[in-house]
Amino acid sequence: MSRSSVRSICFECHSRCGVFVDVEDGRLVGVRGDPDHPHSHGYTCPKGRAAYELIYHPERITKPLVKGQGGFRETSWDEALGLIAENLLKARETFGAESVVFGTGTTRGLAPYLNRFLALFGSPNFMAPSNMSGGPIVLGSAATCGFGLVDPDYAQSACILLWAHNPEMSWAGLYMHDISEGLKKGAKLIVVDPRGTRLARKADCWLRIRPGTDVALLLCFINVIIRKDLYDHEFVETWTNGFDRLKEHVSPFTPERCAEICWLDAKQIEEAATLFGSTRPASIGGGMGGVCQANDAFDLTRSLTILSAITGNLEAKGGNLNCQPPTRKRSCYGPDFSAYDNLPKEQASKKLGLDRFPLQAHIPIPCPPQVVWPAIETGRPYPVKAVGLFANNSVCAYPNSQRVRKVLASLDFLFCVDYFHTPTTELARVILPPAHWTERDDIEDLLMKNHVFAQVKALEPVPECRDEKQILIDLAAKVGLDGYWRTVPEALDYRLEPCRMTFEELKARGHYATPLTYHGYEKFGKFRTPTGRVELCADYLTMLGISALPNFKEPDEGPVASPSLMEEFPLILTTGGRNIVYYHSSHRNIPSLKRRSPDPELQIHPDTARALGIDDHEWVYLSSPRGRVEIRALYDADMHPKVVHSPHGYWYGVDDGWKRLNINMLTADEPLCPVTGSVPIKALVCRVEKRGS
Ligand SMILES: Nc1nc2c(c(=O)[nH]1)N[C@H]1C(S)=C(S)[C@@H](COP(=O)(O)OP(=O)(O)OC[C@H]3O[C@@H](n4cnc5c(=O)[nH]c(N)nc54)[C@H](O)[C@@H]3O)O[C@H]1N2
Ligand SMILES: Nc1nc2c(c(=O)[nH]1)N[C@H]1C(S)=C(S)[C@@H](COP(=O)(O)OP(=O)(O)OC[C@H]3O[C@@H](n4cnc5c(=O)[nH]c(N)nc54)[C@H](O)[C@@H]3O)O[C@H]1N2
Ligand code: SF4
Ligand SMILES: [Mo]
C-alpha cells in the first residue's frame, strides 16, 4: 500500500486552513489540521474534514455534459469545449465581446485566470457578488483612507469590535486563533449584532441593533467619542481632512436619538462607544457580508473607517493593518489580471454598471450580478448573450431568485462548471466537471494578510474531472486566444514572480510572507487619497454625486420607511448568518454535514412564535412582499421580538427546493446602494404563519 501526506490549504471556505491531506493508494483518506500554519494553527472544521465524502460522492459530475432533447448526456471534453468556444465566438461576432460574461461566486481562487481570459477575449464583464461580499468594504475604506479595512490585528488588540460579524461560524480558521489570543490577554469585546451569537453573549458590550440601522449607530459612536474628547488629537490634526465638518455632521446623533432609531438603550450605546474610544489599540472586524448587504453599505463601511481613523487605530499594531499580499499586482484581484485594467480604455469603459456606479471606475470591483441581469433582460446598454458560471449557484445565491432563474434561462448560451447538479446548472447547455482542491495546485493570497500559500495537489482528479485552470487553458486554445498561459505551472509561476520564486519553490516552503508594516503613511508621507489624508469629509466624492459625509438612511423596508407594508409583514427579517457546517448553498448533500443541520431554521423570539400558535421546531411559512418559503421555527429568546433571522443556501433534497426552501425567493434586488451596488438583504420585512402538517 502506498501512503502519503501532503501539506496544503483547504479551499472549502475562505479561511484556507492549513491541512495535511492523507492519501492511500491514490485515494484521499483524510484531512488533518496543520499545527504550524500561521493563521489556523491546526484548526479544521467539519466541512474541511468532509472532503472524502465530497470527492467520492455518487452524485459528483465526472464527465462533461451537454443538454439535448432528453436532458443532459455525457460527452467528450473536446466536444464540450468546442461547443462552448463556438458559442462564445458567435456571441462576440454578432454582439461584441462584451456580450460574453464570465461569473464566479466566492471566487474559489479563480478570479485571476477568469479575468485574464476575459481580457484577451475582449470582455470587461467579470461578474461576482463582490457588491454583497467585501466590495463595499474595499470601496468605503479605500475611498476614505486609500486601503481596504480588512486586516484586523486582533491578537495584539486591547479592544475588539465585531460589527455584523460572527467569525466563529464564518472565518473560524482565519480569525478565531487571533481573537482568542487577544481575549486571553484581556482585550475587551464589543459585538454589534441583532443575534445573540456566542461571541455576542460573552462580550463586554453586545448591542442588539435593529437590522439596517448601523450607520446611525456608527455616527453616534463617532459623536460620543468626539464629544467626550476620546479621539486621537495628534492623528486627527496631522493625518485627516474635514474633522470639524464631521464633528458638526454627527452632533445630532446623540445616544438618545440613536437608541430610538436602533432599538437600543442609550446608556448602553454610550458605554460601548466610550469603551471603544478609550481603549487602545482597538481593532474592527466588519462582517464581509454583514456590513456589505445594505442599501447604505458605502456609508456604513466608510463610517467604520472613520471610527478607526479618529481613534488612531489605522495601520496601528493591534488596530487595523494595511497588508499587501506578497504577490502584489498579481494577487487574486491584482491589476495585472483585471479585465477592466487590461483592456483598451474604450472597451473597458463598457463594463456593466460603471454608468450607475461611477466610483467603481476608480476603485474597480467585479460587475455586480444585478447590473448584468437588466442587460440580459432588455438588451440595454447592450445585449449579454453568453454566460459562463464557475463555482456559482446564482439561482440560490442572489436575491430575487425567481428573476435570476428567468434571466439565466433566457440566455442564448449558458455553461456551468460545478461538482454537482444545482438549480443553476439545470439551466445550462453545457456542464463541466472541475477538479477538487485536493486534486489541483494553486496559490492563495486573497485575505491572507501578508501571506501567500501553496495549495498542493495531493491526488489525481477523479476521472475525468479537470483543474479549472486547465479548462481555461484548453478553452483559450479552442477560442484562439493569443497570450493565455499554456500550462498550469506557467500560470502559477507568473503569479509568483513578484515574490521571486516559482511554484515549486513555494510548494517546498508551504507559504511565504513579507514583513508586516505599521503606520506606512508616515514613511510614505501620505495616505493614498486625493488630499493625502484620511478623508473624514471626502469633498472629492461630490464630483461623482456622492455625499462628502456618511448619512444615515432608514432601510427601504421597515417600520419608518414603509409602515403600511408592515401591517401585512409585521416582522423584520435578516438573512444569511453563517453556519459552520455549510458554505452557502454547498454541502447540503454531504451526509455527515447534513445530519448536523438538516433543515433551515428561523430564529424567532418564543413570545412572538407562541402568539402565532407556533411551536419550537414546527415548520412554518415565511413570506415577504416577493414570495413565500417553508422553514422551521427555532425559539431564540435572545432575538428582539420583532426581528427574525433566516439562514441562506437551503434547496437540496426537496422537490422544487430552490423555490420552497431558498430564502432568496424572499429577498430584494432593489434598491441597490447607490455607490457600491450592494443589495438590501439584511433588513427586509416578513410575515410568519403556521403551515400545518
Ligand atoms: N440571502 C442571502 N444570500 C446570500 C448571502 C447572504 O448573506 N444572504 N451571502 C452571499 C454571499 S456573501 C456570497 S459570496 C454568495 C455565494 O454564492 P455562491 O458562490 O454561488 O455559493 P456556493 O453555494 O458556495 O457555491 C456555488 C457552487 O460552487 C460549487 N463549487 C464548490 N467548489 C468549487 C470549485 O472549486 N469549483 C467549481 N467549479 N465549483 C465549486 C458548489 O458545488 C456550489 O454548487 O451567496 C450570497 N447569497
Ligand atoms: N461556514 C461558512 N463560512 C463562511 C461562509 C459560509 O457560507 N459558511 N461564507 C463566506 C462568505 S462568502 C462571506 S461574504 C463571509 C460573511 O462573513 P460575515 O459577514 O462575517 O458573516 P457572519 O459571520 O454570519 O456575520 C454576519 C452577522 O451579521 C449579523 N447581522 C445581520 N443583520 C445585521 C444588521 O443589520 N446589522 C448588524 N450589525 N448585524 C447584522 C448576523 O446576525 C450575523 O451574525 O462568510 C464567509 N464564511
Ligand atoms: S474553516 Fe473548515 S472549510 Fe474553512 S478552510 Fe478551515 S477547514 Fe476548510
Ligand atoms: Mo461572500
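We count ligands from 1, going down the list as the structure has it; atoms in each ligand are counted the same way. Because the structure is predicted, anything quoted here is derived from the model rather than measured.
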Next item on the list: Could you walk me through whether H57 and Y419 pass the ring-ring contact (aromatic ring centres under 6.0 Å, His included) test, one step at a time?
Entry: CA-CA 9 Å; H57 199 288; Y419 302 138; over 10 Å; no
If the cut-off is 4.0 Å to any non-hydrogen atom of [X], which atoms of ligand 2 fall inside it?
| X | result |
| --- | --- |
| T106 | 12 (S) |
| G290 | 19 (O) |
| P211 | 34 (C), 35 (O) |
| G287 | 18 (P), 19 (O), 20 (O) |
| Y582 | 1 (N), 2 (C), 6 (C), 7 (O), 8 (N) |

Checklist line | Whether K682 lies under 4.0 Å from ligand 1, heavy atom | finding: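 It does, in that a heavy atom of K682 comes within the 4.0 Å cut-off of ligand 1.
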Check: Of all the heavy atoms in G289, does at least one lie under 4.0 Å from an atom in ligand 1?
Finding: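 Checking ligand 1 against G289, which is what was asked, there is no heavy-atom contact under 4.0 Å.
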Check: Going by distance only, is there an N or O of M288 that falls short of 3.5 Å from an N or O of ligand 2?
Finding: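 Yes; the residue has a nitrogen or oxygen that sits under 3.5 Å from a nitrogen or oxygen of the ligand.
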Protein heavy-atom partner closest to [atom] - residue, atom, separation in Å:
| atom | answer |
| --- | --- |
| atom 40 (C) of ligand 1 | A391 CB, 3.5 Å |
| atom 3 (N) of ligand 1 | N664 ND2, 3.1 Å |
| atom 7 (S) of ligand 3 | C45 N, 3.4 Å |
| atom 42 (O) of ligand 1 | D418 OD1, 2.7 Å |
| atom 24 (O) of ligand 1 | R108 NH2, 2.7 Å |

Notebook entry, point to check: Is the distance between the ring centroids of F276 and W163 less than 6.0 Å?
Noted result: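 Ring-ring flag for F276/W163: false, centres at least 6.0 Å apart.
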Item checked: Contact (N/O only, under 3.5 Å) between N393 and ligand 1 ->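 N/O-N/O distance below 3.5 Å exists for this pair.
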Check: Who gets closest to atom 9 (N) of ligand 1 by heavy atom: H14, R578, E12?
Finding: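 Minimum heavy-atom distance to atom 9 (N) of ligand 1 goes to R578.
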Check: Taking atom 12 (S) of ligand 2 as the point of reference, which of H584, R208, M132 owns the nearest heavy atom?
Finding: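 The option holding the nearest heavy atom is H584.
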Note to self: At a threshold of 2.8 Å, where the distance has to be below it, does atom 6 (Fe) of ligand 3 have an N, O or S atom of C17 nearby?
What the structure shows: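 An N, O or S atom of C17 is closer than 2.8 Å to atom 6 (Fe) of ligand 3, so yes.
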